[in-house]
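The block underneath contains the structure these notes are about, expressed in structure tokens.
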Amino acid sequence: MQALRGRIVQAESQAMAAPSVSVLITGANRGLGLEMVKQIVEAPRPLRTLFACCRDPDGPRAEALQTLAKKHPDIISVVRLDVDDLCSIKQCAQHVGSLVGTGGLNLLINNAGVLIRNTLQETSPEEMQKTFNTNVIGPMSILQEFLPHLRSAAKACGTPGMSTSKAAVVNISSTLASMQRIQQTYEFTPAVSYRISKAALNMLTMCAVEELRKDEILFSLLHPGWVRTEMGGEDGDIEAQESVLGMCDVMASLTEKQNGAFLDYKGNPIPW
Ligand code: NDP
């Protein structure tokens, strides 16, 4: 009991010493995104603003997020962002920029994603296009449009090195993108367009690592585990709460040594 109290006091004093950060999450209205909003807003780490983005903030699928936002009106800002729509990405980036100012955006989590269960022989060009739009082209456009805000955050931080408190992009990938693991996973979940799109997201991330290392922006790829969400289905191994607890710990521990790392929610490296 005393040890637990000690840990809480330590976490609280570390939290008071740390500067407050701004965080943006895409696909924040349900599944892993909504759980991230819940856990990040309740964590001791000081938060300036949590931009919880979804494509239809006033629709029925965003009710749980809106209820949560009402409990934390000074921190959570629900913003419209359709990852498939460049206009919406540009508008969101402008809006966020006007709120964060020179402090910038510290952590961008590209979480929104789609999965179509298809084999190679079934996959249509339309399915491939749709999956690419959301899982690859969306995160690419989001990175391009939010880059000035990430750069501002890196500059405003004023200390060397990399961290998710300074300036970082976490792209939610999947073990299904792993070429080395395909023999173990293919038969169970072919999902060809999804696998290819997440492998492309991984390469997009590595391109960003190379191009933006000088800006001291950290990039990382996280696999959340097989999680019981609408996408993961009822047979998943773990609940969203456990996955997000793990991913938040991993995100908090990232430094320049993990720039470009592909890790699972426990921090274990995933083979490419
Ligand atoms: P869900 O299907 O439960 O949720 C997907 C989220 O993405 C929803 O909020 C959805 O919003 C949003 N989304 C989809 N398309 C768009 C779009 N065009 N614009 C904005 N938002 C969009 O999935 P999970 O929560 O399980 O998955 C989250 C991430 O984790 C994904 O990237 C997924 O690939 C990854 N992942 C999940 C695993 C799992 O087992 N669950 C395993 C490995 C990776 P809307 O309600 O509007 O549709």
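Both ligands and their constituent atoms are indexed starting at 1 by order of listing. Side chains are part of it too, since the values below use all heavy atoms of this structure and drop only hydrogens, waters and symmetry mates. Nothing here was measured: the structure is a model prediction, and the numbers come from that model.
Taking hydrophobic clusters as Ile, Leu, Val, Met, Phe, Trp and Tyr residues chained together by side-chain heavy-atom distances below 4.5 Å, Val41 shares a cluster with Val78. With hydrophobic clusters built from ILVMFWY side chains whose heavy atoms lie under 4.5 angstrom apart, Met251 shares a cluster with Leu263.
In terms of protein heavy-atom proximity, atom 11 (O) of ligand 1 is nearest to Asn29 OD1, 3.4 Å. If you check which protein heavy atom lies closest to atom 28 (C) of ligand 1, you get Asn111 OD1, 3.1 Å. For atom 19 (N) of ligand 1, the closest non-hydrogen atom on the protein side is Val83 N, 2.9 Å. What sits closest to atom 34 (O) of ligand 1 on the protein, heavy atoms only, is Tyr194 OH, 2.6 Å. Residue, atom and distance of the protein heavy atom nearest to atom 23 (O) of ligand 1 are Met231 CB, 3.4 Å. For atom 42 (C) of ligand 1, the closest non-hydrogen atom of the protein is Gly225 O, 3.2 Å. At the shortest separation from atom 5 (C) of ligand 1 among protein heavy atoms lies Gly113 O, 3.8 Å. When hydrogens are left out, the protein atom nearest atom 13 (N) of ligand 1 is Ala112 CB, 3.8 Å; that is the closest non-hydrogen contact.
Among the atoms of Thr229, some N or O lies under 3.5 angstrom from an N or O of ligand 1. No N or O atom of Cys54 sits closer than 3.5 Å to an N or O atom of ligand 1. No N or O atom of Ala28 sits closer than 3.5 Å to an N or O atom of ligand 1. Checking only distances, Arg55 does come within under 3.5 Å of ligand 1, N or O to N or O. On a distance-only criterion, Ser174 and ligand 1 share no N/O pair closer than 3.5 Å. Distances between N or O atoms of Arg30 and those of ligand 1 include at least one value under 3.5 Å. Between Gly31 and ligand 1, no N or O atom pair is found at a separation short of 3.5 Å. Checking only distances, Val227 does come within under 3.5 Å of ligand 1, N or O to N or O.
Within ligand 1, the atoms closer than 4.0 Å to a non-hydrogen atom of Trp226 are 40 (O), numbered from 1 in the order shown. Against a heavy-atom cut-off of under 4.0 Å, Asp84 is close to the following atoms of ligand 1: 18 (N). Shown in contact with Gly27 at under 4.0 Å from a heavy atom are these atoms of ligand 1, numbered in order with element: 9 (O), 12 (C). Every atom of ligand 1 with a heavy atom of Ser173 under 4.0 Å away is listed here by number and element: 43 (C), 44 (C). Which parts of ligand 1 touch His223 is read off a 4.0 Å heavy-atom cut-off, strictly below it: atoms 43 (C). Close approach of ligand 1 to Glu230 is summarised as follows: ligand atoms under 4.0 Å from at least one heavy atom of the residue are 3 (O). Applying the 4.0 Å criterion to heavy atoms of Ile172 picks out, from ligand 1, the atoms 29 (C), 30 (O), 32 (O), 35 (C).
Side-chain contact annotation: Asp264 with Thr175, donor-acceptor N/O pair under 3.5 Å absent. Between the side chains of Arg55 and Ser88, no donor N or O sits under 3.5 Å from an acceptor N or O.
Within a 6.0 Å sphere centred on NZ of Lys257, heavy atoms belonging to other residues, nucleotides or ligands number 12 at most. Dense packing is recorded around CD of Glu42, with more than 12 heavy atoms of other residues, nucleotides or ligands lying under 6.0 Å away. Other residues, nucleotides and ligands place more than 12 heavy atoms under 6.0 Å from the CD atom of Gln184.
Side-chain atoms of Glu256 come within 3.5 Å of backbone N or O of Met162 as a donor-acceptor pair. Panel note: side chain Arg80, backbone Asp58; no donor-acceptor pair is recorded below 3.5 Å. Side chain of Thr49 to backbone of Phe51: no donor-acceptor contact under 3.5 angstrom is found. In terms of modelled atom types and a separation under 3.5 Å, the side chain of Asn106 and the main chain of Ala167 share no donor-acceptor contact. Formation of a donor-acceptor pair under 3.5 Å by the Gln258 side chain with backbone atoms of Thr255 is found in this model. Formation of a donor-acceptor pair under 3.5 Å by the Asn135 side chain with backbone atoms of Gly113 is not found in this model.
The only member of Leu99, Val100, Leu108 that meets side chain to side chain contact (heavy atoms under 4.5 Å, CB included) when paired with Ser22 is Val100.
Closest heavy-atom contact between Val192 and Tyr186: CG2-OH, 3.3 Å.
Judged by the shortest distance from any of its heavy atoms, Cys53 lies outside the 4.0 Å radius around the atoms of ligand 1. At least one heavy atom of Pro224 sits less than 4.0 Å from an atom of ligand 1. Residue-ligand proximity: Thr26 is placed with every non-hydrogen atom at 4.0 Å or more from ligand 1. Residue contacts with ligand 1: Asp56 is excluded, as none of its non-hydrogen atoms falls under 4.0 Å. Lys198 counts as a contact of ligand 1, since one of its heavy atoms falls under 4.0 Å from the ligand.
To the nearest 0.5 Å, atoms CD (Glu35) and CG (Leu68) are separated by 9.5 Å.
Of the heavy atoms in Arg61, only side-chain atoms (C-beta onward) come closer than 4.0 Å to ligand 1. Residue-level proximity to ligand 1 for Leu81 is carried by the backbone, the only part with a heavy atom below 4.0 angstrom. Both the backbone and the side chain of Leu32 come within 4.0 Å of ligand 1, counting heavy atoms alone.
Distances from atom 18 (N) of ligand 1 to the heavy atoms of Thr175, Asp82, Asn135, Asp85 put Asp82 nearest.
Residues passing the salt bridge (charged side-chain N to carboxylate O under 4.0 Å, His left out) test with Asp84, sequence neighbours excluded: Lys130.
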For residues 136-149, dump all side-chain donor-acceptor pairs below 3.5 Å to protein atoms at least two apart in sequence or in another chain.
from: Ser141; atom 1: OG; to: Ile137; atom 2: O; distance (Å): 3.0
from: Glu145; atom 1: OE2; to: Lys90; atom 2: NZ; distance (Å): 3.3
from: His149; atom 1: NE2; to: Ala93; atom 2: O; distance (Å): 2.8

